[in-house]
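Here is the structure we will look at.
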Amino acid sequence: MSADAMPTAPPPGARPDWTIDQGWARYTEAEHQVWITLYERQTALLPGRAADPFLKGLDALDLHRAGIPDFARINEELTRLTGWSVVAVPGLVPDEVFFDHLANRRFPAGQFIRKPEELDYLQEPDIFHDVFGHVPMLTDPTFADYMAAYGKGGQRALGFGHLHNLARLYWYTVEFGLMESREGLRIYGAGIVSSRAESVFALDDPSPNRLGFDLERVMRTPYRIDDFQQVYFVIPALQTLLDVTTQTDFAPLYRRLEGAKDIPIAAIEPADRVFTRGTQAYANAGGRTRAA
Ligand code: HBI
Ligand code: FE
């Protein structure tokens, strides 16, 4: 998500760090029902598709009980497991605010839930995307450390003027990442696991490329915010994410990126490890605007 056009002051009623009260008691029955519908749809699809750390986190948090989860209750378990907590925000927050939360192990989650008539597609991250999609992975100690390291890296990237490169790392891992497992590829990215259609497309569709993760390669690859991805990057294990963020010196990397061209979104490079050479049929046919 680009927060370029964000106002820099929090909206009325929000704190200086953009957080608000979740106000759990104020959700309506209809809003809880939207959560339950989405939760049941996704949990039916995810066994055999989602990576083990995601499914394990989902179990540990017991996000099902009474519809939309109460952050106070999630946080008891989440903080005990990895020191993370979830805080409520009205919607997208400015980059520096977002990174400050992550660096301090707070995940800002949208307080609102999508309308029943737009279950499948929405622009701003709502509580289902943020909590169902992101929070289970934050129960994994390695992923939890990676997200905090990303927050610190984001703060530095802003200083270097290279946030657009680092944002691609977030996009192709935290939001749309795939992972190897003994039984085949699995999804762990929040944008995939929270989407009915993309949970299938990301693994089964012949259209997208599926390529081995490489930090510099990913940082040179633009992404789609408005449709299914044309390329997914596959990590061998979560430890890879933590290793690349803690063992890479980003200052010289950003300097190299200044001289390097972006890689076209559907390209396959000689050095890529190819899991799937996609047909790009979906994107070439016009994607979302042509499908349905
Ligand atoms: N705010 N609430 C929210 N959620 C995000 O995922 C988010 C954001 N602000 C900025 C942002 N993401 C991105 O610019 C960074 O991931 C690069
Ligand atoms: Fe997200």
Side-chain angles (χ1 to χ4, degrees), residues 1-11 14-20 22 38 42 50 54 57 71 84-114 120-138 143-144 146-178 187-195 198-199 202 215 218-219 221-229 232 241 245 250 254 257:
M1 287 286 156
S2 164
D4 290 349
M6 294 291 308
T8 46
R15 302 179 188 98
D17 69 356
W18 287 67
T19 62
I20 56 176
Q22 187 194 4
L38 292 167
Q42 287 316 104
F54 178 86
F71 292 175
W84 274 78
S85 64
V86 183
V87 293
V89 291
L92 285 174
V93 303
D95 294 330
E96 66 276 16
V97 175
F98 186 65
F99 296 138
D100 183 64
H101 283 300
L102 297 186
N104 291 288
R105 295 186 174 250
R106 294 184 301 265
F107 189 78
Q111 182 273 346
F112 70 99
I113 193 153
R114 65 195 74 178
D120 289 303
Y121 184 69
L122 73 166
Q123 301 260 326
E124 287 226 344
D126 75 338
I127 194 169
F128 187 75
H129 168 81
D130 280 335
V131 174
F132 183 93
H134 285 283
V135 177
M137 291 301 292
L138 292 172
F143 192 84
Y146 168 63
M147 281 284 273
Y150 178 85
K152 297 200 176 94
Q155 293 170 324
R156 286 192 298 268
L158 281 172
F160 287 121
H162 276 278
L163 185 59
H164 61 289
N165 296 116
L166 193 71
R168 292 167 175 176
L169 172 64
Y170 190 87
W171 194 262
Y172 281 119
T173 62
V174 176
E175 294 291 353
F176 292 96
L178 304 185
I187 58 186
Y188 71 91
I192 312 177
V193 294
S194 64
S195 157
E198 199 151 358
S199 325
L215 178 65
V218 165
M219 285 183 146
T221 311
Y223 55 78
R224 305 285 308 245
I225 60 163
D226 57 338
D227 209 330
F228 298 145
Q229 300 307 303
Y232 297 91
L241 297 178
T245 40
F250 281 77
Y254 289 140
L257 288 172

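In each ligand, atom 1 is the first atom listed, and ligand 1 is the first ligand listed. Given the structure is predicted, the values throughout are model-derived calculations rather than measurements.
Looking only at N/O/S atoms, Glu175 comes nearest to the Fe ion (ligand 2) through OE2. For His134, the N, O or S atom closest to the Fe ion (ligand 2) goes by the atom name NE2.
Taking a cut-off of under 4.0 Å to the non-hydrogen atoms of Asp95, the atoms of ligand 1 that pass are 10 (C), 11 (C), 13 (C), 14 (O). Of all atoms in ligand 1, numbered sequentially from 1 with element shown, those under 4.0 Å from a heavy atom of Ala167 are 17 (C). Those atoms of ligand 1 with a heavy atom of Gly91 less than 4.0 angstrom away are 2 (N).
Atom 9 (N) of ligand 1 has its nearest heavy-atom neighbour, among Val87, Val93, Leu166, in Val93.
For Phe54 and Phe132, the distance between ring centers is under 6.0 angstrom.
The closest donor-acceptor contact from the side chain of Tyr172 to the backbone of Leu215 lies at 3.5 Å or more, if one exists at all.
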Show your working on side chain to side chain contact (heavy atoms under 4.5 Å, CB included) between Tyr150 and Val174 and close with a plain yes or no. CA-CA 10 Å; Tyr150 178 85; Val174 176; 5.8 Å; no
Side chain to side chain contact (heavy atoms under 4.5 Å, CB included) between Leu166 and Tyr254, intermediate numbers included: CA-CA 9 Å; Leu166 193 71; Tyr254 289 140; 3.6 Å; yes
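For Arg106 and Asp100, the salt-bridge test passes: some basic side-chain N is under 4.0 Å from an acidic carboxylate O.
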